[in-house]
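Computed over heavy atoms, backbone and side chain alike; hydrogens, waters and symmetry mates excluded. Read the numbers this way: they start at 1 and go in the same order the structure lists the ligands and their atoms.
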Amino acid sequence: MDAFIIRGGKQLAGEVCVSGAKNSALPIMAASILADSPCEIHGVPEIRDISTMAEILSSIGAKVSAEAGTVKIDPAGINNYTAPYELVKQMRASIAVLGPMLGKFGKARVSHPGGCVIGPRPVDLHLKGLSELGTRIKIEHGYICAEADELTGADIFLGGRFGSSVLATANIMMAAVKAKGNTVIESAACEPEVVDLGNFLVKMGANIIGLGSPRIIIRGVKNLKGVSHKVIPDRIEAGTFIIAGALCGKKLVVKNALAEHLKALLDILRKSGVEFDIGDGEITVTKTGKKEPSDVITMPYPGFPTDLQAQMTTLMCITPGISIITEKIYPERFMHVSELNRMGARIHREASSTIVAGVKNLSGAPVMASDLRASASLVLAGLIAEGETVISRVYHIDRGYEDIESKLMKLGADIRRIKEV
Ligand code: UD1
């Protein structure tokens with residue numbers, strides 16, 4: 001297993017280029033199952049979750065090749081409708097193959113993803129929406145077994161206890177594009193990645209309106225063709241580098257970053273005293289002077305993203321005063337807290353909130369990565385801590401960040417990867 005060794009205290013300066021969005025590329029790869037000819041997807045990050053999705057598509061019979069950020073998928077040979085436990089357990093987003101397999105073949109067997117380290121992650125909304133399109137669903141031996149003679153458009157309310165669901169919206173959209181008649185998804189997710197998937201489907205020939213709003217209307221079509229598409233930039237990676245700039249940057253230019261996808265983060269940072277310039281497809285953190293504490297609540301888009309909660313917490317750790325961060329999407333997503341406290345942070349958890357009392361410095365320590373975004377928060381903490389931080393189990397970060405240590409090194413960070421025994 002790999003680990004990162006970071007010697008903190010370096011100032012970060014220069015340019016970093018954000019990769020394509022993992023959360024767009026994954027459902028778009030799954031959507032290519034629906035095509036009658038090969039698809040070419042560009043700007044795909046070279047990360048572990050993408051390889052897992054490629055393995056799932058290959059395991060059902062698609063021909064998949066990946067080179068230099070371009071993934072080619074030919075779905076013609078698909079002859080198996082099972083996404084196996086061994087692959088699904090590595091990545092919950094594997095469930096995104098359920099909708100397109102049903103849309104194309106009327107059947108799918110996908111391992112039930114269960115919970116994960118950031119808390120319970122039910123799939124009831126996926127199953128509800130697909131049932132309302134006319135799918136018969138059984139859970140057997142840990143698998144979601146879904147079958148439909150013919151999918152039929154329906155009015156589907158897709159809101160849950162925590163608001164909209166990104167992948168449930170994606171799944172219903174991918175099943176409905178070939179269903180008979182019209183589907184209306186109410187309380188649809190508005191995330192830019194859902195819009196990107198929708199745009200991909202529209203290029204393929206789907207009839208969808210309302211993308212980016214909570215009401216998506218789909219008129220089913222008979223056939224969808226293979227197309228070429230470039231995925232949008234990864235707003236979570238961009239946000240992570242912007243927070244790095246706020247922590248220890250000096251004119252840090254984040255390229256391939258879309259400010260319109262990052263409004264909630266930029267608004268909080270501006271209010272807490274971080275200065276930045278917004279350019280065409282880039283954001284430059286110009287000054288990281290005295291910061292003010294903030295009160296952040298995670299919410300579905302366009303609210304503050306849960307996927308930046310842990311990284312924002314690191315910034316709060318060294319912001320004078322008391323900051324509060326409340327998690328409304330995954331109320332148990334606080335695995336980073338005890339590790340940050342080991343580095344000298346003063347974070348107190350209270351139900352689904354953390355109260356962060358700013359300290360002057362963090363102090364390097366051996367810490368353990370627990371999930372993708374928690375790992376990112378520890379890397380950020382390592383960059384500002386006094387002395388050496390060793391982060392174990394960085395395979396978590398490899399799931400979602402392309403080459404993060406090279407990108408940070410080029411900015412001036414002292415970070416290296418080692419093999420741990
Ligand atoms: C996606 C993102 C993930 C991000 C999350 C929330 C991908 C590949 N992953 O995950 O990085 O953290 O959105 O922005 O795009 N829920 C239900 N029932 C369901 C489905 C979800 O109750 O059937 C709940 C979840 O437990 C959670 C909330 O709804 O509390 C939002 O989850 P959801 O948007 O579905 O997350 P994912 O799509 O899995």
Side-chain angles (χ1 to χ4, degrees), residues 20-31 44-45 47-50 52-53 56 88 90-99 110 112-132 137 139 144 156-174 185 187-198 214 231-232 234-237 239-240 261 264-265 297-312 326-335 352 371-377 396-397 399-401:
K22 160 180 98 68
N23 289 354
S24 272
L26 289 172
I28 285 175
M29 285 172 73
V44 179
I47 52 175
R48 204 159 60 88
D49 275 8
I50 295 294
T52 306
M53 181 56 85
I56 291 177
V88 176
Q90 294 176 31
M91 178 185 73
R92 289 185 47 89
S94 315
I95 198 169
V97 297
L98 184 55
V110 177
H112 194 302
C116 73
V117 72
I118 66 172
R121 296 183 70 175
V123 291
D124 55 311
L125 297 172
H126 299 245
L127 304 190
K128 170 181 185 281
L130 294 172
S131 302
E132 289 177 19
I137 297 176
I139 308 293
I144 301 165
I156 301 170
F157 179 76
L158 213 53
R161 280 182 67 207
F162 301 96
S164 54
S165 160
V166 173
L167 285 178
T169 305
N171 253 333
I172 308 314
M173 222 160 65
M174 291 188 281
I185 308 176
S187 197
C190 303
E191 270 70 2
E193 295 77 16
V194 174
V195 177
D196 203 21
L197 167 67
V231 300
I232 57 170
D234 196 309
R235 65 193 164 100
I236 304 302
E237 188 193 354
T240 305
H261 292 169
L265 171 71
I297 303 180
T298 66
M299 286 195 217
Y301 189 83
F304 191 94
T306 173
D307 286 351
L308 286 174
Q309 183 249 118
Q311 301 89 315
M312 189 66 200
T326 302
E327 179 54 72
K328 291 269 192 192
I329 311 285
Y330 296 113
E332 292 173 39
R333 189 178 204 174
F334 291 110
M335 297 292 281
S352 59
D371 69 75
L372 172 55
R373 308 303 172 185
S375 323
S377 77
H396 288 293
I397 209 160
R399 281 191 43 210
Y401 287 87

For [X] and ligand 1, does the shortest N/O to N/O distance drop below 3.5 Å?
X	result
A93	no
L125	yes
E191	no
R92	no

Is any side-chain heavy atom of [X] less than 4.5 Å from a side-chain heavy atom of [Y]?
X	Y	answer
R333	T298	no
Y401	H396	no
H126	I144	no
V97	M174	no
I95	V88	no
R235	N23	no
L127	I139	yes

Identify the closest protein heavy atom to [atom]: which residue and atom is it, and at what distance?
atom	result
atom 18 (N) of ligand 1	D124 OD1, 2.7 Å
atom 15 (O) of ligand 1	N23 CG, 3.3 Å
atom 13 (O) of ligand 1	V166 CG2, 3.5 Å
atom 36 (O) of ligand 1	Y330 OH, 3.0 Å
atom 24 (C) of ligand 1	F162 CD1, 4.2 Å
atom 35 (O) of ligand 1	S165 OG, 2.5 Å
atom 14 (O) of ligand 1	T306 CG2, 3.7 Å
atom 10 (O) of ligand 1	R121 NH2, 3.5 Å

Which ligand 1 atoms, with their elements, are less than 4.0 angstrom from a heavy-atom of [X]?
X	result
V123	19 (C), 23 (O)
R333	12 (O)
H126	23 (O)
L167	8 (C), 38 (O), 39 (O)

Query raised in the report: What do you reckon, is NZ of K328 surrounded by more than 12 foreign heavy atoms closer than 6.0 Å?
Result: no
Just let me know how M53 lines up against ligand 1, side chain, backbone, both or neither, with a heavy-atom cut-off below 4.0 Å.
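M53 to ligand 1: no contact under 4.0 Å from either part.
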- Query: So does K22 pair up with E237, basic N to acidic O under 4.0 Å?
  - Reply: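 No, this pair does not count.
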N-O pairing of R92 and D49 below 4.0 Å:
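Result for this pair is no, no salt bridge flagged.
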P122 to ligand 1, any heavy atom closer than 4.0 Å: yes
Among D307, I329, L127, which one puts a heavy atom closest to atom 4 (C) of ligand 1?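 When every heavy atom of D307, I329, L127 is considered, D307 comes closest to atom 4 (C) of ligand 1.
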Original post:
So, the side chain of D196 versus the backbone of I232: is there a donor-acceptor pair under 3.5 Å, distance only?
Top reply: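 Yes; at least one donor-acceptor contact below 3.5 Å.
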Is it true that the side chains of S352 and E327 contain a donor and an acceptor less than 3.5 Å apart?
-> no
